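Model, not experiment: these values are computed from the prediction. Here is the naming used below: chain letters follow the sequence lines, and residue numbers restart at 1 for every chain.
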2 protein chains.
Amino acid sequence: MAGKLSKINLNDYKPLREVIFNTLREAIIVGELKPGERLMEVQLAEKMGVSRTPVREAIRMLELEGLVNMLPRKGAHVAELSVKDIMDVLEVRASLDGLATALAANRITEEEIKSLKHVQNQFANYVEKENLQGSIKKDVEFHEIIYRSSRNDKLIQIVNNLREQVQRFRVIYLKDYVSPKELIKEHAEIVDAITSKNASSALAAAEKHIRNQENAIIKSLKTLR
Amino acid sequence: MAGKLSKINLNDYKPLREVIFNTLREAIIVGELKPGERLMEVQLAEKMGVSRTPVREAIRMLELEGLVNMLPRKGAHVAELSVKDIMDVLEVRASLDGLATALAANRITEEEIKSLKHVQNQFANYVEKENLQGSIKKDVEFHEIIYRSSRNDKLIQIVNNLREQVQRFRVIYLKDYVSPKELIKEHAEIVDAITSKNASSALAAAEKHIRNQENAIIKSLKTLR
DNA sequence: ACTGCATATATTATATACAAAATACATTCC
DNA sequence: GGAATGTATTTTGTATATAATATATGCAGT
């Protein structure tokens, strides 16, 4: 009896620092905590009903992830994210998405191809229906399947971090972002390349996909002025 | 007077957690702390003559950098580093070194080309003289110049982390590593491509360079058995 | 009003204290 | 002897206390 229950309870303990880390990270990514905003330990600790210790540890982790900057003895503040920063990120991401997609073309399983196509369809449907939340979610899923199919854990870890930064940039600068219909075609190209196990065209398609995002961002930035 | 001195003193304050972080990181990379070894807070704190708090914070940072793993309520231990892990790292690094070198071909300055060639020569000299320490140091410098010339800070940050892991792997598995003379030729190819501003051949040369390292590692591993 | 300085306040940095869980070890019971 | 249980010890998790530094405030002197 109770085998399932006790198993779950034993494994899902999370130290406070992790809870706080995730909470703060999420808050930074969705823009609830704005760039430059100070993170004061007592204030955060009180708001969350804990002591300063786990808050400090969470901040140390955010610092290494690049979401906050620290000045010794002056405290932490939410990292700024310049256009140059995000261009750097996208430059790297184009390359790594290319790599991931090429690897996926070589290593993906039949089941994964099936679910990739499934998510591809769901994405297209949401875009047609102009369901933004849904389409974003499916877009993320789509790329996650590809990353997982690369069978390269280090690559997955890095790309996740890059995506996080792009997401954050969008929230800060492009609050009204909508996924354009061209994405459907680009996804189709990627799927075709993967399905036909053509690594080099998979690489090209994925790179192009990111480059187009980059251009879209540049264009949006120009219209903002 | 004392202008220089006071300036240095003012800027040079480092929180204990940073000192400890660097100390532990170095110890892990050079293999002084071995994979799987437990990191106990009181023990480390006593050895370093500080309290547990900064030690804990340093461990949190190492955790995010991937050098230690944690089990909640059981403590931290030095991360294992499997052959699969390092193959993943090298797969990513091949791609990113390619990117960095291609970008460098487009963005490098004349001064940087000069110092690149200078370091290239120093490296070759050390290899000829079979000065291992010197050649390793110059090899690192050589690649650092290229990374810097890419003008992409995010890329630099990621590649540094990847290099760190490769270095650690070498220490763990290949204690008797020597830089082979083929590296001289590979470096020359890279320099040629960069100097002639040929981004695509720079990319190819850098990727090949890493792939060769990968093969050398695989070969070394086989002879170890 | 403005500067220079003293002092108060706020904030981080480090150390210590206490609580909770994991581990090791002994003891009991079969 | 071996499993089960209880207890002591170790170790981590969290909270709090103290020290050191940075920032803000107020006031004298001009």
Side-chain angles (χ1 to χ4, degrees), chain A residues 1-3 5-25 28 33-34 36-65 67-79, chain B residues 2 5-25 27-28 33-65 67-79:
Chain A
M1 262 275 118
L5 216 145
S6 63
K7 206 170 192 176
I8 288 176
N9 284 346
L10 286 174
N11 289 4
D12 78 354
Y13 166 81
K14 290 263 159 92
L16 283 180
R17 61 169 177 273
E18 293 223 1
V19 179
I20 297 169
F21 173 72
N22 287 323
T23 306
L24 291 179
R25 181 171 67 178
I28 293 173
L33 291 168
K34 298 199 175 14
E37 193 165 339
R38 282 189 70 187
L39 296 175
M40 276 178 302
E41 297 169 5
V42 277
Q43 178 199 321
L44 291 172
E46 272 172 20
K47 194 173 293 187
M48 302 179 148
V50 299
S51 83
R52 282 174 55 209
T53 310
V55 173
R56 278 178 68 83
E57 294 185 352
I59 290 177
R60 295 297 95 81
M61 293 161 80
L62 290 166
E63 184 192 2
L64 220 73
E65 186 144 326
L67 291 176
V68 318
N69 293 134
M70 297 236 14
L71 294 174
R73 299 218 127 101
K74 295 179 109 187
H77 54 269
V78 179
Chain B
L5 216 145
S6 63
K7 205 170 191 177
I8 288 176
N9 285 346
L10 286 175
N11 290 3
D12 160 43
Y13 167 82
K14 288 263 159 93
L16 282 181
R17 62 168 177 277
E18 293 223 0
V19 179
I20 297 168
F21 173 71
N22 288 323
T23 306
L24 291 179
R25 181 171 68 177
I28 292 174
L33 290 168
K34 299 199 175 17
E37 194 166 337
R38 282 189 70 186
L39 297 175
M40 277 178 301
E41 297 168 3
V42 276
Q43 177 199 322
L44 291 172
E46 273 173 20
K47 194 172 293 186
M48 302 178 148
V50 299
S51 82
R52 280 175 58 210
T53 309
V55 173
R56 281 178 66 84
E57 294 184 350
I59 290 178
R60 295 296 95 81
M61 294 161 80
L62 291 166
E63 185 191 0
L64 220 73
E65 187 145 325
L67 292 177
V68 317
N69 292 134
M70 296 236 16
L71 293 174
R73 298 222 125 100
K74 294 179 109 186
H77 54 269
V78 178

Between protein and nucleotides 9-19 of chain D, map the contacts as a letter string: B base, S sugar-phosphate only, - none, heavy atoms under 4.0 Å, written 5' to 3'.
--SBBBBBB--
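- Residues satisfying the side-chain hydrogen bond (donor to acceptor under 3.5 Å, both in side chains) criterion with Glu65(B), sequence neighbours excluded, are Arg25(B).
- Not a single side-chain hydrogen bond (donor to acceptor under 3.5 Å, both in side chains) links Arg38(B) to another residue, sequence neighbours left out.
- With sequence neighbours left out, Leu33(A) forms a side chain to side chain contact (heavy atoms under 4.5 Å, CB included) with Leu24(A), Ala27(A), Ile28(A), Glu37(A), Leu39(A), Val78(A).
- Partners of Glu41(B) according to the side chain to side chain contact (heavy atoms under 4.5 Å, CB included) rule, which considers only residues two or more places apart in sequence or in another chain, are Arg52(B), Arg56(B), Ile59(B).
- Judged as a salt bridge (Lys or Arg N to Asp or Glu O under 4.0 Å), and not counting sequence neighbours, the contacts of Arg60(B) are Glu57(A), Glu63(B).
- Put simply, CD1 on Ile59(A) is 13 Å from P on dT11(C), counting in whole angstrom units.
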